[in-house]
Engineer: 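Okay, handing you the structure first.
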Amino acid sequence: MVVAEALIRWILAAMPPHLACFNPSCGQRYPLSEIVYSCGACGSLLEVANSFADVDPETLRATWRMRRSSLEKVDVSGVWRYREMLPFASDPDCIVTLPEGNTPLFDAPGAASYAGLESLQFKHQGYNPTASFKDNGMTAGVTQAKILGMRRVACVSTGNTSASMAAYAAAAGMQAVIFLPAGNIAYGKLAQALEYGALTIQVEANFDQILALVRELAAEIGIYLLNSVNPFRIEGQKSIAIEMLEQRGWSVPDWIVLPGGNLGNISALGKALRELREARLIEDMPRVAVVQAEGSAPFFRHFVEGGNLRPVSAPETLATAIRIGDPVSWHKAAFEVGSADGIVESVSEQQIADAKAVIGRCGIGCEPASAATLAGIRKLVRAGTIRESADVAGILTGHLLKDPDYVYHYHSGQLETPSGYHVQPQFGNPPVTVPNDRTRIAELLDRAAVGPFP
Ligand code: F0G
């Protein structure tokens, strides 16, 4: 099934770049200049289709390496440096960049030993200009908005998409309209949207309900929608995999692991890997693992049970970025997981919280949703799915400072879910308050153990 689908996709792609319906039995095509997010014929999402069969991989590698020493804004960007893989923005003057990408690939021995692995790398997308992986996609989405002459862009968000879109819209001189689930986004992200000048609308509904509403409204009120239903955003997010593989000298890991919410990121990762293989930049596909939070895990359930995805009507998790019950890109994600012999896992609130603290103790840090990556890796190693000696690269999607309340509550033993589960911090590090007394402070320092990594 996956092989047949892949073949049809390959045939459709062998034409000038265009938008293609993701449903292979539909095959509807649209010009890149059309403002359309889902197929008019069958309702499926769209993707930018292009052929990479004729590229010379050695020339591409050398070109991308050379651009690292260039001062041109399109070369400095860790997205547009790979512009041959993003076949839609031919005029460099249209490109809206802050610049993004260029994120580090860390070796994390402490996290490796926590997970039961010999070694582990983290590609940290929290090192982007607005501190999440969304910037890789947003530079592409807002660039397309500029090409189309749009003045107003909009998104529904659990926080990071809105922070990112607000920044790129401000840089491009466009109005940003963002819709947020009231009371359910981390303060760091809300603060960003306000500061970047977005019209910020908090709706008393959850992410899925608001997205359904705004998708209907988009055409009526003349806004360009920049959720991950937008195929150009997915094009930008492909650069996460491209840059990671380049940083690894094009050596393909055994596994790439990432958190899943609305499932745009796994869709982009899978598309990038397929296209890199078509371009002969890599020979083998890594396996992929998508990790969801137990209380918001419809894709995990679909993976285990098969059939159509059944949405979770009241998704819950303290990792608010992935508090999504009806992931809009699940068809794409299911195809990409199948193409990469991948799996889907789910992890508990306790597992996410402790894994997050371990990533912090490596000197790396991340936001809660990102820590699902390490929690998932640990679970999969314990189950024997990932070998102890496997070469594993995890994606950390957002920065530690996005959600400072979560951090404080964890370390001070106050982290609790709305349904009353109290997280027991295995690596808690509460602040210590002392009187202004030299002796007491000296005693405290004497007593404090300087221990090795847990
Ligand atoms: N990690 C972080 C930090 C996120 O912000 C998100 C999604 C995900 C993981 C999941 O990625 O949706 O592509 O599967 N955040 C979106 C937002 C939904 O609105 O910021 P996904």
Side-chain angles (χ1 to χ4, degrees), residues 45 103 122-128 130-138 141 154-167 178-181 184-186 188-190 192-193 198 203 206-208 210-211 214 225-230 233-234 236-238 240-241 257-271 288-293 296-300 315 317-330 332-334 336-337 344 347 352 356 359 365-376 394-403 406:
L45 294 185
T103 58
F122 285 131
K123 175 78 173 148
H124 204 327
Q125 294 307 112
Y127 280 63
N128 262 302
T130 78
S132 86
F133 74 102
K134 303 290 182 179
D135 295 341
N136 290 67
M138 206 52 77
C155 70
V156 181
S157 179
T158 56
N160 280 323
T161 301
S162 51
S164 181
M165 192 193 77
I178 66 180
F179 298 87
L180 306 172
N184 266 308
I185 83 159
K189 305 174 187 180
L190 179 60
Q192 286 179 292
V203 185
N206 70 28
F207 174 91
D208 307 301
I210 310 171
L211 182 57
V214 172
L225 192 58
L226 280 170
N227 276 94
S228 54
V229 292
N230 185 307
R233 262 199 50 203
I234 299 295
Q237 280 174 219
K238 291 187 315 193
I240 301 170
V257 184
L258 75 172
N262 216 17
L263 303 175
N265 210 20
I266 175 61
S267 306
L269 173 71
K271 186 170 193 280
V288 297
V290 180
V291 188
Q292 297 210 288
S296 304
F299 191 49
F300 168 70
T317 170
L318 294 171
T320 49
I322 49 173
R323 191 171 178 272
I324 292 173
D326 192 4
V328 72
S329 296
W330 79 266
K332 284 188 174 181
E336 302 302 353
V337 167
V344 186
V347 288
I352 293 174
K356 179 171 140 51
I359 295 167
C366 65
E367 70 160 281
S370 310
T373 291
L374 177 59
I395 297 178
L396 301 181
T397 43
H399 197 278
L400 162 69
L401 291 175
K402 287 280 190 175
D403 195 347
Y406 183 106

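In this chain, numbering begins with 1 at the start of the sequence shown. One-based numbering, in listed order, for ligands and for the atoms of each. Every value quoted in this text rests on a predicted model; they were computed, and no experiment measured them. Because only heavy atoms are used, hydrogens play no part in the values below, and waters and symmetry mates are left out as well, while side chains stay in.
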Engineer: Determine the sole option in N184, I324, N206 for which the side-chain contact (heavy atoms from CB on, under 4.5 Å) test with P315 is passed.
Structural biologist: N206
Engineer: Mind jotting down which protein residues get a heavy-atom contact under 4.0 Å with ligand 1? Chain and number order, please.
Structural biologist: F133, K134, S157, T158, G159, N160, T161, P259, G260, G261, N262, L263, G264, N265, A321, I322, I324, E367, A369, T397
Engineer: Determine whether S157 and L180 make a side-chain contact, defined as any pair of heavy atoms from C-beta on separated by less than 4.5 Å.
Structural biologist: yes
Engineer: Out of K189, K356, K402, which one pairs with E367 under the side chain to side chain donor-acceptor pair (under 3.5 Å) rule?
Structural biologist: K189
Engineer: Quiz question: by atom type and distance under 3.5 Å, do the side chains of D135 and S164 form a donor-acceptor pair?
Structural biologist: yes
Engineer: When you compare the side chains of N262 and N227, does any donor N or O come within less than 3.5 Å of an acceptor on the partner?
Structural biologist: no
Engineer: Please tell me if the side chains of S267 and S228 come closer than 4.5 Å, counting only heavy atoms from C-beta onward.
Structural biologist: no
